[in-house]
Peer 1: 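This is the structure I want to talk about, given as structure tokens.
In what follows, every chain begins at residue 1, and chains take the letters A, B, ... in the order their sequences are listed. Because the structure is a prediction, the values reported are computed rather than measured.
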Amino acid sequence: MSPEEINNADVADIKTDAQNNSSSGAINNSGEAVKSADGAINVPESAAKNQEGAINAPIEAIKSTGEAIKKLLKVSPAPHVHGHRDTNKVMFIVMLALLFPTAGGIYFFGLYSLFVVLVAVITAVLTEMVSKLLRKREFIMDYSAVITGLLFALILPPRIPLWAVAIGSAFAIAIVKEAFGGLGHNVFNPALAGRAFLAVSFAGMMTKWVAPVSSMTADAVSAATPLGENFVQTGTTQALYNDLFMGNVAGCIGETSALLILIGGMLLFIPGIIKRVIPVVFIGTVFLLTWLLPGEDPIFHVLAGGLLLGAFFMATDYVTAPLTTKGQIVFAFGAGLMVVLIRVFGSMPEGVAFSILLMNAFTPLIDRYTRPKPYGFIAPTKEEKKKEKEEADAKAKKEVEDAIAADEAKQEVA
Amino acid sequence: MTKLKGEHMSLFDKKKSQGVHPPGNKMASGKAIEPAPLPTQVVLPLSQHIGAPAKALVKKNDEVLVGQVIAEAGGFVSVPIHSTVSGKVKKIIQVISAVTSRVGDAVVIESDGKDEWVECTGADPNTLSKEDILAKVKDAGLVGMGGATFPTHVKLQPPKDKPIDSIIVNGCECEPYITSDQRLMLEHGEEILRGLSIMMKVIGCQRGYIAIEDNKPDAIQAMQALIPKLELPGNITVESLKTQYPLGAEKTLLKRILGREVPIGGLPMDVGVVVQNVSTLKAIHDAIYLGRPLVQRVVTVSGIVKEPKNLMARFGTSASDLIEFCGGALPDADEMIFGGPMMGIAQTSFDTPIQKGTNSVLVKKNTKKKETNCIRCGTCINACPMDLLPLMYPAYVKNKDYAVLNEYYILNCVECGSCTYDCPANIPLVQYIKIGKAEVAKLGVDK
Ligand code: SF4
Ligand code: SF4
């Protein structure tokens with residue numbers, strides 16, 4: 001079509017089409033963009049069906065010097081540049097950080113732990129694939145299932161049967177994550193919920209602990225975790241601290257070595273990949289409360305059990321933690337308080353997992369009450385609030401009166 | 001005299017600063033403003049500003065001169081359009097506006113190459129009354145040239161019940177790539193200051209701030225050196241501000257300088273401030289001292305072109321002519337943006353004409369990534385200068401739950417794009433917000 005033709009023949013059509021299209025200016029090119037998955041509307045392809053291509057014609061037609069349209073351009077909404085942040089990158093770093101405690105688990109509890117980790121991760125990824133297939137969603141390899149699998153394995157006892165690992169991992173992904181809508185929509189941390197599921201279903205095997213073994217194949221000797229009732233302290237307190245710090249105690253696969261968890265945690269903490277306020281407040285709360293309570297050793301409480309792993313890797317889960325700093329402080333404090341209550345007064349030796357899960361449940365509520373005040377927000381004064389309330393009351397009253405009046409009128413007619 | 005006002009520092013992830021730091025990429029910052037070659041033909045849309053479109057006064061085959069009015073203002077919030085070349089009106093066509101995305105008329109004028117101007121008579125602003133100045137500003141077709149294109153004469157007449165105590169001159173240019181304002185401050189600082197002085201006179205305020213980001217030390221120095229030389233009335237100072245996007249947004253700028261917050265749904269004048277872009281001030285100077293209507297502006301042509309430049313271009317010049325003058329675009333260019341990469345509007349064709357609000361022509365390669373699920377990381381919250389929760393909007397927009405959007409103060413969003421820039425899930429948050437805003441506005445009408 002020559003430029004002249006476009007002008008003469010199509011302008012009227014183009015105009016109406018375009019007006020329909022742009023009844024509100026801003027949405028015009030945006031509606032498209034939201035629909036199109038990749039954000040970029042490719043004009044050439046859609047030109048035939050899409051009015052946008054057509055609207056464009058007159059401008060191109062103006063160059064009636066015979067010069068052809070040089071190039072069709074992509075039209076996508078602003079902003080046209082993007083920062084370096086990327087979900088996949090974030091998850092990849094989290095995964096790397098998790099490899100430290102994972103390696104520790106394999107070192108302390110033997111080769112079997114490696115199988116636990118592998119089964120957990122592979123099951124998680126496969127389950128995600130299948131769930132996506134069933135939900136007819138595209139499967140994206142984004143490490144989130146890998147992280148869930150890893151975390152899940154790290155909070156399991158070292159000699160758990162592999163079939164139980166597979167069941168728990170599948171539960172974590174299929175029920176806790178995908179059934180809620182997939183990444184970003186889950187209320188509970190999948191790994192923790194998976195563990196809680198196993199704890200409820202197979203209580204016995206979830207409380208079998210073994211002493212660390214240095215050789216890869218040695219037989220496991222059952223032992224008590226430092227927080228357990230049967231735990232007997234053999235050496236000095238200093239020696240116990242050392243063991244706890246290095247990881248030379250009984251416990252879940254990835255939670256025993258404070259050192260390795262801290263290395264991995266710092267990988268996330270220092271660049272601010274995790275929200276820093278959560279581990280600080282969480283651990284701080286546990287430390288302070290146990291320090292205040294008579295007969296409790298704050299350093300022991302911080303190093304023992306799953307507190308460090310939970311504080312750095314699980315409470316900080318973006319999806320299940322509150323959004324604002326204020327909310328995160330409330331969340332972390334609540335979790336810390338729960339941990340102390342369970343450990344000191346509860347019937348269970350350890351409560352990190354349940355504390356975090358419980359606070360997960362409160363996250364929506366916390367978010368609701370910690371919404372930031374926007375720029376330029378002027379809080380209504382007391383009088384205004386009162387007036388508003390009075391107006392609402394009056395309106396409600398009037399409605400009731402009207403209804404009664406209408407009712408009476410009806411009865412009269414009858 | 002580096003001052004950082006309104007900067008919050010705190011221990012944890014609390015907002016140290018609101019906004020993002022896209023790389024500056026000010027490739028043309030060292031290039032002096034060059035006149036672009038005269039176009040052989042211009043396309044002048046009648047709606048290059050916010051408000052009612054101008055009404056055409058010319059018809060096919062009329063002879064026009066540079067600066068001749070070809071369309072008169074279509075209302076109070078509207079401005080006239082002038083011819084930017086001398087020659088003959090070829091036709092009137094329909095185009096889609098690069099500013100409002102609406103379809104409107106445009107006058108096509110073929111240049112005779114003589115560049116003959118209408119007679120322009122300048123005047124000394126001291127001899128003019130306030131009304132005269134306002135009339136001249138309107139007749140010259142002035143609009144905010146930072147991109148918002150709001151008619152200047154309207155901005156110069158704030159309602160009586162809103163006394164203005166400060167004028168902030170926006171020389172931040174916080175968008176990457178763009179250097180037109182920087183060059184203007186370096187080369188035409190005097191005109192800008194005189195324009196500011198006229199504005200202070202008309203509005204009747206004594207305090208003027210010139211806000212410049214500290215990534216432009218040369219401009220800061222130039223302006224600081226000029227102020228004492230010109231001996232202008234009133235108190236004018238240069239404020240050097242820490243570089244950050246979106247500092248140049250009116251509301252964030254005046255918060256940083258004066259510590260005031262514009263109430264939700266309000267305008268800067270509600271807190272006694274008018275913000276004006278440096279290019280507009282130069283245009284005010286030209287309109288008064290030289291009597292010249294607005295027919296050209298500085299446009300930064302940048303991105304993947306051979307040689308990025310700052311060009312003085314007539315309105316209506318096709319962007320492709322400017323790109324050509326800069327040595328052409330590189331072969332993988334598939335996107336052209338009028339304005340900056342953060343808020344600019346992607347154009348459908350390289351041939352879109354330059355308009356009053358076009359401060360930059362950015363040629364680039366489309367790098368849009370696929371949208372994935374929100375992971376509630378909170379990055380967008382930290383990036384938002386208006387303290388909103390951007391992540392909330394997409395779900396409500398998708399579910400058409402528009403009433404809830406108001407609870408999250410969607411109308412407070414300045415569409416700066418910071419949230420989207422930093423979102424790791426590549427969610428086009430601003431797009432959802434724009435749709436949501438339009439729908440919320442409709443709700444308001446329905447009520
Ligand atoms: S919500 Fe609006 S104001 Fe806030 S960062 Fe996003 S675009 Fe800017
Ligand atoms: S930045 Fe993106 S992924 Fe993160 S909370 Fe905001 S919308 Fe969600």
Peer 1: Quick check on B:Cys377 against chain A: is it the side chain, the backbone, both or neither that has a heavy atom closer than 4.5 Å?
Peer 2: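 Backbone plus side chain of B:Cys377, per the 4.5 Å heavy-atom cut-off to chain A.
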Peer 1: Go through the atoms of A:Asn186 and report whether side chain, backbone, both or neither lie under 4.5 Å from a heavy atom of chain B.
Peer 2: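 Contact with chain B involves no heavy atom of A:Asn186 at all.
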Peer 1: Less than 4.5 Å to any heavy atom of chain A: does that hold for the side chain of B:Thr367, its backbone, both, or neither?
Peer 2: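 For B:Thr367, the contact with chain A is made by the side chain alone.
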Peer 1: Among B:Asp351, B:Leu362, B:Thr352, find the one that has a side chain to side chain contact (heavy atoms under 4.5 Å, CB included) with B:Met336.
Peer 2: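 Only match with B:Met336 under side chain to side chain contact (heavy atoms under 4.5 Å, CB included): B:Thr352.
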Peer 1: Any side-chain donor-acceptor pair under 3.5 Å between A:Arg85 and B:Tyr421?
Peer 2: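 Result is no, nothing qualifies.
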Peer 1: Quick check on B:Ile375 against chain A: is it the side chain, the backbone, both or neither that has a heavy atom closer than 4.5 Å?
Peer 2: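 Backbone plus side chain of B:Ile375, per the 4.5 Å heavy-atom cut-off to chain A.
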Peer 1: For A:Thr320 and A:Asp317, test the side chains for any donor-to-acceptor distance below 3.5 angstrom and give the result as yes or no.
Peer 2: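 A:Thr320 vs A:Asp317: donor-acceptor pair found between side chains.
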Peer 1: Contact part of B:Val430 toward chain A, heavy-atom cut-off under 4.5 Å: side chain, backbone, both or neither?
Peer 2: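 It is the side chain, since no backbone atom gets that close.
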Peer 1: Contact part of A:Lys373 toward chain B, heavy-atom cut-off under 4.5 Å: side chain, backbone, both or neither?
Peer 2: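 Interface part for A:Lys373: backbone (N, CA, C, O).
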Peer 1: Side chain, backbone, both or neither: which part of A:His84 has an atom under 4.5 Å from a heavy atom of chain B?
Peer 2: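 Nothing of A:His84, per the 4.5 Å heavy-atom cut-off to chain B.
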Peer 1: Quick one: what part of B:Ile264 sits under 4.5 Å from any heavy atom of chain A, side chain, backbone, both or neither?
Peer 2: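 Interface part for B:Ile264: both.
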Peer 1: Using a 4.5 angstrom heavy-atom cutoff, name the option from B:Pro22, B:Ala425, B:Pro341 with the most pairs to chain A.
Peer 2: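 Among B:Pro22, B:Ala425, B:Pro341, the one with the most close pairs to chain A is B:Pro341.
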Peer 1: In terms of heavy-atom proximity below 4.5 Å to chain A, should B:Asn412 be classed as side chain, backbone, both, or neither?
Peer 2: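 The side chain, not the backbone.
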Peer 1: Are B:Tyr409 and A:Tyr375, when compared by the centres of their aromatic rings, separated by less than 6.0 Å?
Peer 2: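 When the ring centroids of B:Tyr409 and A:Tyr375 are compared, they turn out to be at least 6.0 Å apart.
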Peer 1: B:Val414: which residues meet the side chain to side chain contact (heavy atoms under 4.5 Å, CB included) condition with it, sequence neighbours left out?
Peer 2: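 Checked B:Val414 against side chain to side chain contact (heavy atoms under 4.5 Å, CB included); matches are B:Lys251, B:Met386, B:Cys416.
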Peer 1: Please classify the contact between B:Ser418 and chain A as side chain, backbone, both or neither, with a heavy-atom cut-off of under 4.5 Å.
Peer 2: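 No part of B:Ser418 comes within 4.5 Å of chain A.
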Peer 1: Step by step, work out the side chain to side chain donor-acceptor pair (under 3.5 Å) result for A:Lys177 and A:Ser144.
Peer 2: CA-CA 10 Å; A:Lys177 190 175 158 202; A:Ser144 71; 2.8 Å; yes
Peer 1: Please rank B:Val271, B:Leu389, B:Ile427 by heavy-atom pairs under 4.5 Å with chain A and give me the top one.
Peer 2: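 Highest number of heavy-atom pairs under 4.5 Å: B:Leu389.
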Peer 1: Are A:Phe92 and A:Tyr143 an aromatic pair by the rule of ring centers under 6.0 Å?
Peer 2: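 A:Phe92 vs A:Tyr143: aromatic centres under 6.0 Å.
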